[in-house]
Amino acid sequence: MIAAALPSSIAMILKRAQDLTLWLLAGLHVLALLSFLIVLGILAPALAEDGACGGHNLLEDMKAQNPATYAEVIAEADRIPNGKSIFWKIEKPGLSPSYLLGTMHVTDPRVLRMPPGAAEASAAARTIVVESDEILDEKKAMAGIFANPDLTMFTDGRSLETLLSKDDLALLTADLKQRGIPLSAVSRMKPWMLASAISLPACETARKAENASFLDKQIALDAAAKGKPVKGLETFAEQLSTLAAIPMDLHLKSLIETIKLGSRMDDVFETMTELYLSGNIGLTIPVLKRATPEGGDEAGYAQFEELVVRQRNHHMADRAAPILAEGGVFIAVGALHLPDREGLVELIRRQGYTVTAVN
């Protein structure tokens, strides 16, 4: 396993990152939901006061320090179908071409530039499709969240104080204190939401506090400003319900590992961002999963992939089908939904379309 072969510092980062990074990148609108915390006053200014970006590419460290392991990871990624592009053209005789863009839900200017041809395809499309059209009105989306508090908060008497071990609770309390956040303010918050807030790089949270748009939202806003229809494939409530189905133990573990990583999460995000920018999104899961030590929570991890990735892929493909049948569509969804045998690229092909990488 990579964890045994890599230098301990890299192995530790990847081992811990695997439990939390996938769901951050698997298509959940974490930045949109941060509005919920900013409104509550939990994130501002505690997490938004430092706008500096940092981090370096852990995959490059792996390449330099253990080229044999690096080669194994590259080979595994090469076997993943449709893993080498984030931008695809969708064609069927008699229809105007449509396009599929894998996104990363961040405000990073490098990501917002999009791959060559994507901006032009979006501008020419008749209809824009995103994961959730609720990103066009975050206040309305937050109202829906407040109307279903059990999706984000414990409403059954449980809390982080009752669920975490004594040592883990002490670790969380100390971390929150450094951020100027009292435990009482977040003790009834679902752990995935708190983990997402404290794991994001400071620059992301700062830009979000200034109301910067992440890629999907910017695409939707540009389309709406031109009077184009913007359609969603999911609701925030559906996304949150998916998270709620993941075992609580996995959520709690992710929260604690996020805290243990601390500023090294910047390295994880930079690694994932550079993989995304390279278009080689198929590398993401091998880099993280192969770091799993023997005895890791493989069952919980597999359940995550089933619920958050595979099942959502099928739901989104089914809901996109009648829209694609009209032609001239531009679809923008989280990039991890595109590759593999049950990714969106392959599922759309099964609907009778020719789907080819643009670049």
Side-chain angles (χ1 to χ4, degrees), residues 26-29 32 81-82 85-105 114-115 117-138 140-141 144 214-243 245 281 306-358:
L28 298 169
H29 287 116
N82 311 314
S85 179
I86 58 173
F87 186 37
W88 299 79
K89 188 175 184 179
I90 303 169
E91 298 175 285
K92 180 183 282 190
L95 294 177
S96 298
S98 293
Y99 292 87
L100 172 64
L101 174 68
T103 64
M104 191 173 179
H105 303 327
M114 293 195 286
E120 293 79 3
S122 177
R126 291 196 291 263
T127 303
I128 301 297
V129 175
V130 291
E131 287 178 28
S132 175
D133 56 3
E134 292 172 339
I135 58 177
L136 287 170
D137 188 346
E138 289 184 6
K140 182 178 179 181
F214 51 98
L215 177 56
D216 310 60
K217 183 177 180 180
Q218 192 59 56
I219 292 171
L221 287 172
D222 290 345
K226 296 176 181 177
K228 293 183 180 182
V230 177
K231 300 183 180 182
L233 301 176
E234 300 176 309
T235 65
F236 282 172
E238 287 175 325
Q239 292 187 346
L240 295 175
S241 295
T242 298
L243 281 178
I281 198 66
E306 170 67 17
L307 292 171
V308 179
V309 182
R310 195 195 72 81
Q311 287 189 17
R312 289 179 63 216
N313 289 350
H314 282 268
H315 292 157
M316 287 193 283
D318 290 344
R319 292 175 179 178
I323 308 173
L324 281 171
E326 300 173 359
V329 179
F330 185 91
I331 302 175
V333 298
L336 284 185
H337 291 288
L338 273 57
D340 222 332
R341 291 178 177 83
E342 293 190 78
L344 280 178
V345 171
E346 194 59 38
L347 293 177
I348 291 173
R349 284 184 180 137
R350 293 177 194 173
Q351 295 177 6
Y353 294 92
T354 299
V355 187
T356 53
V358 175

Check [X] against [Y] and note the closest heavy-atom contact, atom names and distance.
X	Y	answer
L338	S85	CD2-O, 4.3 Å
L336	V309	O-CG1, 4.0 Å
K226	A123	NZ-CB, 4.1 Å
A121	F87	CB-CZ, 3.9 Å
L101	M114	CD2-SD, 3.6 Å
A125	K228	O-NZ, 2.8 Å

Out of curiosity, [X] [atom1] to [Y] [atom2], how far, rounded to the nearest 0.5 Å?
X	Y	atom1	atom2	answer
N313	R341	CG	CZ	14.5 Å
F330	I90	CZ	CD1	10.0 Å
H315	L347	NE2	CG	11.5 Å
I348	T354	CD1	OG1	12.0 Å
K89	Y353	NZ	OH	14.5 Å
T103	L215	OG1	CG	5.5 Å

Trace of the side chain to side chain contact (heavy atoms under 4.5 Å, CB included) decision for V333 with L100: CA-CA 8 Å; V333 298; L100 172 64; 4.2 Å; yes
Stepwise side chain to side chain contact (heavy atoms under 4.5 Å, CB included) test for Q239 and R312: CA-CA 9 Å; Q239 292 187 346; R312 289 179 63 216; 3.3 Å; yes
Whether H105 and F214 hold their rings parallel, tilted or perpendicular, with breakpoints at 30° and 60°: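 The arrangement is perpendicular - the two ring planes meet at more than 60°.
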R126 bridged to E326 by N-O distance under 4.0 Å: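 Salt bridge between R126 and E326, a charged N being under 4.0 Å from a carboxylate O: no.
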Sidechain N-carboxylate O distance under 4.0 Å for R319, E234: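 No, no charged N to carboxylate O under 4.0 Å.
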Does [X] reach the side chain of [Y], with side-chain heavy atoms less than 4.5 Å apart?
X	Y	value
S132	L233	no
L324	I331	yes
P115	V358	no

The single option from R350, H314, Q311 passing side-chain hydrogen bond (donor to acceptor under 3.5 Å, both in side chains) against E342: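 Only match with E342 under side-chain hydrogen bond (donor to acceptor under 3.5 Å, both in side chains): H314.
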Working for side chain to side chain contact (heavy atoms under 4.5 Å, CB included), residues V130 and V230: CA-CA 7 Å; V130 291; V230 177; 4.2 Å; yes
side-chain contact (heavy atoms from CB on, under 4.5 Å) partners for R349, two or more places apart: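 For R349, the residues satisfying side-chain contact (heavy atoms from CB on, under 4.5 Å) (neighbours in sequence not counted) are N82, W88, V345, E346, V355.
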Residues that T235 engages under side-chain contact (heavy atoms from CB on, under 4.5 Å), provided they are two or more places apart: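 Once residues adjacent in sequence are excluded, the partners of T235 under the side-chain contact (heavy atoms from CB on, under 4.5 Å) criterion are E134, A237, E238.
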